Structures are given as C-alpha cells and as structure tokens.
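Please read the structure below before turning to the comments.
In each ligand, atom 1 is the first atom listed, and ligand 1 is the first ligand listed. It should be emphasised that the depicted structure is a prediction, and the values quoted were computed from it without experimental measurement.
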Amino acid sequence: MRKQTVRKAVYPAAGLGTRFLPATKAMPKEMLPLVDKPLIQYAVEEAVDSGIEHIIIITGRGKSAIEDHFDVSFELESLLEEKHAGERLTVVRDISEMADVAYVRQKKALGLGHAVLRAKDLVGREPFAVVLADDVIASSVPCLKQLITVYEQQQASVIALMEVPKDRISAYGVVDAEAVNGSPGVFRIKRLVEKPKADAAPSNLAIIGRYVLAPEIFETIERTGPGANGEIQLTDALNNLLEQKPVYGLKFEGTRYDAGDKLGFLKATVEFALMREDLGNEFRSYLQSLHLA
Ligand code: G1P
C-alpha cells in the first residue's frame, strides 16, 4: 500500500476567545499579534514549513479579519508600490501567496471535536493535521513536521504531548501512555481524558494543540457525545478511536507558549521580540535597563 503523506491542515478558529477579553470582543484572538505577526500566521507558516499545501480554517461570526489577512490587499499593495516600499510589499504579498486557504463556518461553538468535523468534506479520506493557533511553539524543526515524521513511521494518528505541573493539568487533555521502545519521545496512547481533576489525571502528559489524524476520526467524532464543559471534545473522539486504531503521542522538542492566556501571551511576546534580528538587541538593552529585582 502506498504510504499517504499529510497535505492538509485544519485550524479551528471559531472560538470566542473569552480568556482574552476585552481585546477579543471585536477582534478574533487568532489575530492578536506577537510582535508584528498574528498568531494564525505563525501557525500557518509552521504548517507550510512542514510541507502542508492546503489550509482549512474553521471560522465563525466576527472572524472576517482572518479571511482578509490571507487575501490579496489590492489597495495596500498599490500604495506600497507607489511608495517604492519593496520590503513591506513583499511582507504583504507573501501572506496571500503562502498557501491555498479555504474557509468553513462553524455556526455554533459546540467544541473542538465539532469544529474539526466541519472540515470532513474538504479533507476527504486522507490523513490531516489540526493546529490550534493559540499554542505557539518555537522549535528548530517545526512541531508539526516532528509529528508528521512519526505519522509516516507509524501510519497512525499522532498528537503533541508536553509535561505539565499537577496544579495546571486540569486545563488540558491528558493521556495515559507508554513509551515506545527505540523511538525517543514517542508514546503509545492507552487512554485520553479531557480536563480531568488533578487527582484523577492519568499522568502529567498533556495534549498540546498539534495533531496528525487518520480520516477515521470524522466518523468517531460523529458518534462522540458532549463531554467536558458540555462540548464535543476531540480528546473524547480520540479516546473512542482507540477501539479501532492505535494513537501515538510525541513529546516534541521546542518551547510552547499558551498565547490564548494573558501571561502566556506576554512571555511569548518578550521571547519572540528577543529572538528578532531587527529588534532583539535594542529590546534586550531596554529590558536590562529596567533593573528588575
Ligand atoms: C484544547 C484541547 C485540550 C488541549 C488544549 C491545548 O483545550 O481540548 O485537550 O490540552 O487545547 O492547548 P482548550 O485550551 O481549547 O480548552
């Protein structure tokens, strides 16, 4: 059988972003900028750098800024052309030329599983990625590429995992898993639970927002009822998928920031600014001048 490669990535982006109010009252949280680039662009660039060709964004009401962002901005381009602002023009053009982007509406925010199911027709019968844009990951090899490599070895679904302290674990999906011999960082998953109480968590290994999924997940989501917070959870669907197919996890290499959270967003902003060639040095001197105790 020919091994299938991963060509499509799904971005659930219909959520209301209540953790970041008031900034997200009229602006999608996916458009919050880290330094000068919206979160969703980092997430799309990660996929493109991982070999993904088709981007599918699941949107909802009030999210049109995302569509405008990846579209051609005719007025802006001609203005920059007139001003001979070549570098800025390239920055703007590159965004619309980056990838082929399609949009599907999720009319009601019924959960992550429900959002992913909206992509069923556009994905078809092939493996695909799911990327949560508020999990920002800085790494030398893109996190999604690390997962795709494991998918290609195992020919089964793979999810990103990270160790999380016990007092934070109830904010995540958590797995019960055993290490795969001879494959560092790779785990075979035995059970998944969405947002367990700290005492009931099967381990300290939390799910982070990167997944490579077999297409059977769509039928599994269809038969998954509401779970934590009354929502149709992708984690529950993956737990149900285990009855039919293996699921793997990868403790990826890299640093993850929860940019959907105010403190996580601030940390990401500082560290991404420090990494920038054009801003890093000056910003570092500024931070040093604060003489924080
Ligand atoms: C979602 C997933 C959860 C995962 C988390 C990672 O939860 O449902 O399993 O651990 O993303 O960021 P959310 O943060 O949307 O509540």
Side-chain angles (χ1 to χ4, degrees), residues 9-21 24 28-30 32 39-40 42-43 46 57-60 106 108-118 129-139 143-144 147 157-177 187 189 191-198 200-213 217 220-221 224-242 247-252 254-265 267-268:
V10 175
Y11 292 73
L16 297 175
T18 50
R19 285 195 294 161
F20 226 112
L21 283 167
T24 48
K29 72 168 173 184
E30 295 76 14
L32 289 169
L39 296 178
I40 186 98
Y42 285 98
E46 180 185 326
I57 302 183
I58 314 296
T59 64
Q106 183 190 15
K108 287 185 183 170
L110 295 181
L112 182 57
H114 179 260
V116 171
L117 185 57
R118 298 293 299 127
V130 173
V131 180
L132 307 187
D134 49 9
D135 279 330
V136 176
I137 298 171
S139 56
C143 180
L144 201 53
L147 292 191
S157 302
V158 192
I159 62 181
L161 298 175
M162 186 179 102
E163 285 178 15
V164 162
K166 195 172 177 185
D167 62 336
R168 294 289 307 134
I169 201 83
S170 61
Y172 295 87
V174 185
V175 300
D176 181 7
F187 290 77
I189 305 227
R191 186 163 67 95
L192 306 91
V193 198
E194 181 66 14
K195 300 194 172 53
K197 293 215 168 75
S203 74
N204 64 346
L205 281 178
I207 304 169
I208 297 304
R210 302 288 184 279
Y211 311 72
V212 175
L213 302 174
I217 193 70
T220 319
I221 298 172
T224 300
N229 300 333
E231 296 179 348
I232 297 171
Q233 298 289 353
L234 183 57
T235 304
D236 294 344
L238 280 161
N239 195 53
N240 292 336
L241 183 67
L242 282 175
V247 176
Y248 290 85
L250 174 70
K251 240 165 77 177
F252 59 93
T255 308
R256 172 261 186 180
Y257 302 89
D258 180 3
D261 167 77
K262 291 175 191 177
L263 187 60
F265 183 84
K267 291 180 186 171

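Atoms of ligand 1 found under 4.0 Å from any heavy atom of Ile207, numbered from 1 in the order shown, are 4 (C), 5 (C), 6 (C), 10 (O). The distance from ligand 1 to the heavy atoms of Lys195 drops below 4.0 Å at these ligand atoms: 7 (O), 13 (P), 16 (O). Atom numbering of ligand 1 starts at 1 in the shown order; those under 4.0 Å from a heavy atom of Tyr172 are 10 (O). Taking every heavy atom of Asp135 and a limit of under 4.0 angstrom, the matching atoms of ligand 1 come to 6 (C), 12 (O). For ligand 1, the atoms lying closer than 4.0 Å to a non-hydrogen atom of Thr235 are 9 (O).
Distance alone, capped at 3.5 Å, places no donor-acceptor pair between the Thr220 side chain and the Ala237 backbone. At least one donor-acceptor pair closer than 3.5 Å links the side chain of Arg210 to the backbone N or O of Asp135. In this structure, the side chain of Lys262 engages the main chain of Leu21 through a donor-acceptor pair within 3.5 Å.
Evaluation of the side chain to side chain donor-acceptor pair (under 3.5 Å) rule for Thr235 yields Glu194 as partners, not counting sequence neighbours. Under the rule for a side chain to side chain contact (heavy atoms under 4.5 Å, CB included), Ser170 has no partner lying at least two apart in sequence or in another chain.
Using a 4.0 Å cut-off between heavy atoms, Leu234 makes no contact with ligand 1 at all.
For atom 1 (C) of ligand 1, the nearest protein heavy atom (residue, atom name, distance) is Leu132 CD1, 4.0 Å. Of the protein's non-hydrogen atoms, Glu194 OE2, 3.7 Å is the one closest to atom 2 (C) of ligand 1.
Inter-residue side-chain proximity for Leu205 and Glu163 is flagged as met; some heavy-atom pair is nearer than 4.5 Å. Using a 4.5 Å cut-off on side-chain heavy atoms (C-beta onward), Tyr211 and Ile217 make no contact.
For the pair Arg256 and ligand 1, a heavy-atom separation below 4.0 Å is found.
Using a 4.0 Å cut-off between a side-chain N of Lys or Arg and a carboxylate O of Asp or Glu, Asp258 and Arg168 do not qualify as a salt bridge.
In this structure, atom 12 (O) of ligand 1 is in close contact with the protein, since a protein heavy atom lies within 4.0 Å of it.
Between Gly173 and ligand 1, an N or O atom pair is found at a separation short of 3.5 Å.
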